[in-house]
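The model shown is predicted, which means the values in this text are computed figures rather than measured ones. Proteins get letters first, then strands, A, B, ... in listed order; numbering begins at 1 in each.
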Amino acid sequence: MHDHRQILALAAAAIDFELDPLGRSQLEAALEACPLCRRQVSAMRATATILRRPSDIGTPSRVRDVVIGAALRGGRRTLGLRSLLAASLSLLVVLGGTAVIVGNRGFGIVPPVSPPASAPIQTATAQASPSPTASPTPSEAQPSDPAETAPAISPSPGADGPLAVGDIAAMVTDGRLVIRTQPGTGADSAIFKTKLFPGQRVLTIEGPVEASGYPWFRVRLGVIEGWVAAASQDGVPWLAPVRNGLIAFVRAAADGSGEAIYTIAPDATGEQSVLLADPGVFDYSQLTWSPDGQRLAFVGTLADAVNGSSEIFVVDADGSNLVQITQNEVDDDSPAWSPDSTQIAFRRTELDPSAPVDSNVVVIGADGSGVKLLGPGANPVWSPDGQQLAMTVSGGGSSRVWVQAADGGDRRQVTDVSVASAPPSWSPDGQHLVFSSSGLFLVEVASGSITPLTAEPGSMPTWSIGGTIAFSTIGSGSPGIFLVDPDGSGLRRVSGDLGLTPVPEWSPDGRRLLLSDEGRGSQVGVVDPSSGNLTLLTEDGGTNRSPAWQPRLR
Amino acid sequence: MPETAVAANVVFEDVRSRTADRPNVVDIVSAAYDALERPLYAFALGITHSGTAAEDLVQESFLRLVREVRAGRPPDNVRAWLYRVCANLATSRGRRATIATRYLPFLATREVGETPEARHLRLELGAELTAALADLSHDERTGLLLSAGGFHGPEIADMIGRTHGATRTMLTRARLKVQARLSGEVDRRA
């Protein structure tokens, strides 16, 4: 009689290469004598054979990119000081050089590379301005001059053509769009965990390619590059090119008769028209278009408000359907649309100086429904996927960057670095924030890792979908608009001296910059970063402020 | 040792010899990645039964290799080192469930249709064997898969932090459990 379990244990040891010659002999003899053991050991060996089969699948190429990228980088943080010094030196050289060339003369342009003798400056030949009390005129987006929209990023598409390589595209369907490693829905096309959410923007870099019955575009989202189906099999668009619409701004009449919100085409050739002139509202400010370009939010004060508190209003793009979405006796301002255009985050400030909190961040439906208090904070900014909000939170005499889930949970401080009380800007993939402090800094949202971008003062940073960061140098000896790449390289100036407090904003198509002055309020201009060409949209000497560039998605 | 493992070590030794005078992190890591990524992924997949988790483990293992090589501490046996790290990370993952969160959003997942890992488990292991492996404890499963990867008892014991004797007992028990679960029928294709 032999012990079956002992024989099986010997067989297991043999499979694991741990049986000595004596044991092997003992095993073979037992198997010869016992059909039951023979059958069971045979099955055990078969199992081991199956487990030893080489695999024919691996991880997606993205994993390899991350690993090899880490090997190539050689330790990004150790290069931080070098990058900082290089960026600082570059900034000082550029600042100094430009100051010598241009001087401090208000709006002027020095092209970033190979400056011509005099860069062209167009001034809007504004036609007779309608009376601020004129009835709202339906606004119609004007096609941009293709010559003016020379791409700063990639090949130029048609102004109104279908989605093409180089376009910024927005997700225009519900649900989620997955980013795949290859076009098509086959099993060999893995899905990146990062997905697109309604309204989210991507940069198209290749396509279209037909596969599995869908048109596919290769898109870039921060460091991620992958393929996305741009339409359904029936041709219903899921990604739409983002074009430049009209520019809205606030103009206060020179004769003091009032103010109104105007629109003008970005090439300044379109007729300026009144979008909204409501005698019941004044102090228009902080204009911001919904990401779908259908509505405009702004801050205003009701003429009959008892304590002069500011409220948030929303009006349709044609000037109709003015809705006051907040109504109380506290200040509501800093409206920020969610990427899907359904919600607005804003700052609510108690007018009572004894209030325990300076200000709170609140989220409200774009129709005024569903008010949700997130907590203390200011300068709310939605993440590109609309799942989180970044904000500044003051305490102890300084402010820090915080991030909070849009549903009100998961609130946390991102970095200990003290920040300026200005909105940070998200990277296209939502992995980083750029904010201004003593200079510009990047912070990785997940880890809190800080990377300095510039040592000189920089403020109002804004991150394009194409990846470039624009900022102004308020407080320097030569304030202007600069661009810098997220790794600290490619620092260049794209404007001449700007004597006021310029606030840059990327055009919806990511190819131009809208310049404004949130200080005294004077002029609004558009600059092409690739050439330095500036187009002034508003009359010199006027009081124009709070411009916002309308996206057009179809 | 399986042929793939031998080939991997040959490749790696070749790179080391070529870069002996001028260690090149990229050369070393890319050679190791090209040779070992697939078997390591299969190993991680077998442990976790999750394509997403397996990718996390593979990526984090190789990122740690990058750090070691850059720090001038390239492991003598990269293959064994990677499997050990991967197994340790998988153990840690069971406790913390957060591996390589910094890169999580960039990794690929597969959520529609028949996924590659589902295909791998179905075709290469068989549904019954997959279920049998899932019934094992983490250490038992890890041990069996390390053995399938060509590692010997003492190496496996070292990797999972047990004595050789305890590991021997554990592996035997694991194999018996699997066979009991399979009821003598391994796989129709076996």
Neighbour count >12 (heavy atoms, 6.0 Å) for atom CG, A:Asp20: yes
Could you give the distance from OG1 (B:Thr172) to CE (A:Met44), rounded to the nearest 0.5 Å? 8.0 Å
Which of residues 156-167 of chain B get closer than 4.5 angstrom to chain A, counting heavy atoms alone? B:His164
My understanding is that only one of A:Leu8, A:Ile15, A:Thr47 makes a side chain to side chain contact (heavy atoms under 4.5 Å, CB included) with B:Arg175; could you say which? A:Ile15
Where is the tightest heavy-atom contact between B:Pro154 and A:Glu18, given as atom of each residue plus distance? CD-OE1, 4.2 Å
Which atom pair, heavy atoms only, marks the closest approach of A:Val67 to B:Leu63? CA-CD2, 4.1 Å
Does CZ belonging to A:Arg5 count more than 12 external heavy atoms closer than 6.0 Å? no
